[in-house]
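Notes to accompany the following structure.
Counting convention: from 1, in listed order, for ligands and their atoms alike. As a basis for the values below, the full set of heavy atoms in this structure was taken, side chains included, without hydrogen atoms, waters or symmetry mates. Because the structure is predicted, anything quoted here is derived from the model rather than measured.
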Amino acid sequence: MPRQMHLGAFLRPISIHTGAWRYPGAWPDANFNLAPLKRLIRTLEAAKFDAFFMADHLAVLNMPTDALKRSHTVTSFEPFTLLSALSQVTERIGLVATASTTYDGPFHVARRFASLDHLSEGRAGWNVVTTGNPETSHNFGNEEHLAHADRYVRAREFYDVVTGLWDSWADDAFVRDVNSGIFFDPAKLHVLNHRGPAFSVRGPLNIARPVQGWPVIVQAGASEAGRQLAAETAEVIFGASSTLADGRAFYADVKARMAAVGRDPDDLKILPAAFVVVGDTAAEAKLKRDRLDSLVHYDSGIRSLSIALDYDVSAFDPDGPLPDIPESNASKSARDRMVAYARATGATIRQLAAKVGSYAGLAFVGTAETIANQMEAWLEERGSDGFNVMFPFVPGGLDDFTSKVVPELQRRGLFRSDYVGSTLRDHLGLSRPANRFFE
Ligand SMILES: Cc1cc2nc3c(=O)[nH]c(=O)nc-3n(C[C@H](O)[C@H](O)[C@H](O)COP(=O)(O)O)c2cc1C
């Protein structure tokens, strides 16, 4: 039996591609319309996906209105409210929400995820992000975005507080003894009393321990600090490697870091984001991708490039190479990848804008068979444990994947034909964490 892969579906925005909402036959409003989202998550569940993933940003994209006006991301549901609603129309698929350690509070986060885990009967996951978009600070009364290194120090303490709060109650704390009138056993309550550099949180959490013990911990940072945090804490990584060689290096690095901190490398699943365009022939798939890319305006592409580089490159000669640009305090890994690509290829600013504006990361474009071949190679060569799939548009691009690629993966024994357990931990093969205060 070959090793099986795990599949997440990246659904906020419903497609990362700026042209997605304009593709012929696409639902232009799907990002912000409950009925289509219900239909999409049910389709993903029927295809036995591990999880439905909601990215989140606490500001609109940091670009001028002239470029922003072309983006379908400006109106999206808040992840918890949407996933709470979707938890009621699904039974098995995992529900991963993003919450920021820079702009949220650990008590709020612990409570909301515990709530979602109970509402969904054990299907919640927390994508821990430190928030790269510097504009976010202006929505929270701060002039300056916290520095990259400080964001990660804070993230580690945030994680310790959240997981400590989830362990506030033993699993059997609530005796609800009607005769004696005792609702909970005080010996099974732990008050955290956390006092640290960034947070003072007394506890306990005012909700029972999550069904999964802890919701699944997901992480997506790829910088040095991001990798280290992931190695110490994460159970899933949404990676951003764009080639198999990079994927293998990233995989080996993070799993070695885990061993160094005493964790079993199998306790973390690495799922790179993969943009997948399916055609009945290779030529048709390429045509779809080209058509999609042609729907991205230069004004939008140049701004996406400026975001990726965290530097306004709109004043440079569009037909010249990328000049040297100063260091940045935003997301480091995305920026480094783009600079390396520009240097290696000598691409012009216009070419870089076209690439970033239309999605520059890992893409599988081909037939169900060639896509399955590529996915299989990543799995076999330890470039990943599966993928966080991004669809080119919905519903067509998503349906192509679930109706063509998934059966091909199943036929090869690379993906489940049915769910075995009921929680997100079950799907991912992760054990339920013991309560550090009671077990
Ligand atoms: C697949 C994927 C999904 C991500 N989702 C989010 C998100 O929802 N919200 C967010 O603020 N950042 C998100 N990020 C960004 C990461 O959390 C992180 O900020 C970024 O990868 C840079 O981290 P680094 O500075 O450690 O390299 C995502 C990254 C990837 C690769």
Hey, is the main chain of [Y] close enough, under 3.5 Å, to the side chain of [X] for a donor-acceptor pair?
X: R111; Y: N206; result: no
X: N133; Y: H57; result: no
X: E408; Y: A372; result: no
X: R248; Y: R382; result: no
X: Q212; Y: R425; result: yes

Which protein non-hydrogen atom lies closest to [atom], naming both residue and atom, and how far is it?
atom: atom 27 (O) of ligand 1; answer: S333 OG, 2.5 Å
atom: atom 17 (O) of ligand 1; answer: V129 CG1, 3.3 Å
atom: atom 18 (C) of ligand 1; answer: G221 CA, 4.0 Å
atom: atom 3 (C) of ligand 1; answer: F10 CE1, 3.7 Å
atom: atom 22 (C) of ligand 1; answer: S331 OG, 3.0 Å

Looking at non-hydrogen atoms alone, which of [options] comes nearest to [atom]?
atom: atom 30 (C) of ligand 1; options: A274, A220, A222; value: A220
atom: atom 1 (C) of ligand 1; options: Y152, F238, F53; value: F238
atom: atom 19 (O) of ligand 1; options: A59, P79, G132; value: G132

- Applying a 4.0 Å heavy-atom criterion (strictly less than), which segment of T98 is in contact with ligand 1: side chain, backbone, both, or neither?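 It is the side chain that gets close, since no backbone atom is under 4.0 Å.
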
- Under a 4.0 Å heavy-atom limit, does H57 contact ligand 1 with its side chain, its backbone, both, or neither?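 The answer is the side chain.
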
When only distance counts, is [X] in polar contact with ligand 1, meaning an N/O pair under 3.5 Å?
X: M390; value: no
X: H148; value: yes
X: S223; value: yes
X: D56; value: yes

- Task: Answer yes when R343 and D324 have at least one side-chain N-carboxylate O distance shorter than 4.0 Å, and no when they do not.
- Result: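 The answer is yes: the pair qualifies as a salt bridge.
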
- Item | Where ligand 1 meets T131 - atom numbers and elements under 4.0 angstrom, heavy-atom basis |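 Those of ligand 1 that fall under 4.0 Å from T131 are 11 (O).
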
- Item | Element-labelled atoms of ligand 1 that are located less than 4.0 Å from some non-hydrogen atom of A240 |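 Contacts of ligand 1 toward A240, numbered from 1: 31 (C).
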
Considering non-hydrogen atoms only, spot the tightest contact between [X] and [Y] and give its length.
X: R432; Y: V211; result: NE-O, 3.0 Å
X: V254; Y: A231; result: O-CB, 4.0 Å
X: L295; Y: G19; result: CD1-O, 3.7 Å

- Heavy atoms of the protein only: does one fall short of 4.0 Å from atom 15 (C) of ligand 1?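 Protein heavy atoms within 4.0 Å of atom 15 (C) of ligand 1 - there are none.
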
- Query: Taking the six-membered ring for Trp, are H145 and Y103 ring centroids under 6.0 Å apart?
  - Reply: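 Ring centres of Y103 and H145 closer than 6.0 Å.
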
- Centroid-centroid under 6.0 Å between F238 and F10 rings: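 Ring centres of F10 and F238 not closer than 6.0 Å.
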
